[in-house]
Amino acid sequence: RGIGVQSTGKIVIVGGRISVNNVNRVVIRLDENGNLDNTFASLNTTDAVGPNGVRPRITYILPDDKIMLVSAKITRLNADGTIDSTYGNPLLSKESFWIDVLEDGQVLLAPEFGTSITYTNQSQLLTRPIRLTVNGDIDTTFNTGLFQSVTYPIDFRIKSNGQILVWGEFNGLSSLQNQMTFTKTGL
């Protein structure tokens with residue numbers, strides 16, 4: 001479901017159940033020649049799979065070769081595949097398909113309407129796009145205003161000037177809109 005290439009040329013693959021040479025995992029790494037990299041940590045399924053068995057669908061390789069996995073859980077791995085203990089690894093009540101990792105390691109998430117997030121022993125209903133800090137907590141300085149519809153943003157992109165373009169069919173701050181642009185701090 002997701003593929004990323006580390007600076008070493010090693011290939012990280014995430015998905016439901018990946019089988020290479022009779023090894024079944026939800027996250028594997030191949031060397032530059034396509035062979036299973038046995039030096040990569042073997043995760044427990046619960047480390048990478050979110051609530052209700054939602055498997056990872058998206059992976060991002062960060063500039064330091066750490067790995068972000070996204071399902072109904074946002075997990076950050078060290079470059080060797082071990083869990084990064086400095087990251088909160090928040091849980092989502094629903095699967096996420098719309099996420100982007102910024103250059104500084106913060107995460108933008110456009111949740112499906114009605115999704116809640118649990119992080120650092122707190123739970124919160126999400127009604128707008130959010131930004132997670134480099135530690136996995138919600139960045140309270142990022143404010144996009146509320147989305148007031150059961151329809152969620154389709155996708156978003158980071159523009160070259162750092163602004164965030166969100167598009168889809170949703171009620172914006174005052175009327176039905178197909179796209180909105182936010183600054184680095186939100187509105």
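When all heavy atoms of A79 and I67 are compared, the pair lying nearest together is O-CD1, 4.3 Å. Residues V101 and M68 come closest through the heavy atom pair CG2-CG, 3.9 Å. Between Y87 and T133 the shortest heavy-atom distance is CE1-O, 3.9 Å. Contact detail for L108 and R131: the closest heavy-atom pair is CD2-CB, 3.8 Å.
To the nearest 0.5 angstrom, D84 atom CG is 3.5 Å from K66 atom NZ. Put simply, OG1 on T75 and CG on N89 are 5.0 Å apart, with the number rounded to the nearest 0.5 Å. With rounding to the nearest 0.5 Å, the separation of OG in S123 from CD1 in I117 is 8.5 Å. The CD1 atom of I13 sits 4.5 Å away from atom CD1 of I28, with the distance rounded to the nearest 0.5 Å. Within the model, atoms CG of L132 and CG of D137 stand 8.0 Å from one another, a figure rounded to the nearest 0.5 Å. Atom OG1 of T59 sits about 5.0 Å away from atom CG of L69, to the nearest 0.5 Å.
In this structure the side chain of V5 never reaches within 4.5 angstrom of the side chain of I61, judged on heavy atoms. Residues Q124 and I130 form no side-chain contact, since every pair of their non-hydrogen atoms from C-beta on lies 4.5 Å or further apart. Looking at V70 and V107, their side chains never come closer than 4.5 Å, going by heavy atoms from C-beta outward. Here the side chains of D65 and K10 are not in contact, with every heavy-atom distance at 4.5 Å or above.
Tested against K73, the residues T118, L92, L91 include a single side chain to side chain contact (heavy atoms under 4.5 Å, CB included) partner, L91. A side-chain hydrogen bond (donor to acceptor under 3.5 Å, both in side chains) with R29 holds for exactly one of T8, D37, N38; it is D37.
Counting only distance, with no hydrogens or angles, the side chain of N33 and the backbone of N35 share no donor-acceptor pair below 3.5 Å.
Two different hydrophobic clusters hold I138 and V134 under the rule that ILVMFWY side chains link at heavy-atom gaps under 4.5 Å. Linking ILVMFWY side-chain heavy atoms closer than 4.5 Å, directly or via other members, places L102 and F142 in a single hydrophobic cluster.
For the residue pair T82/N78, the side-chain donor-acceptor check at 3.5 Å is satisfied.
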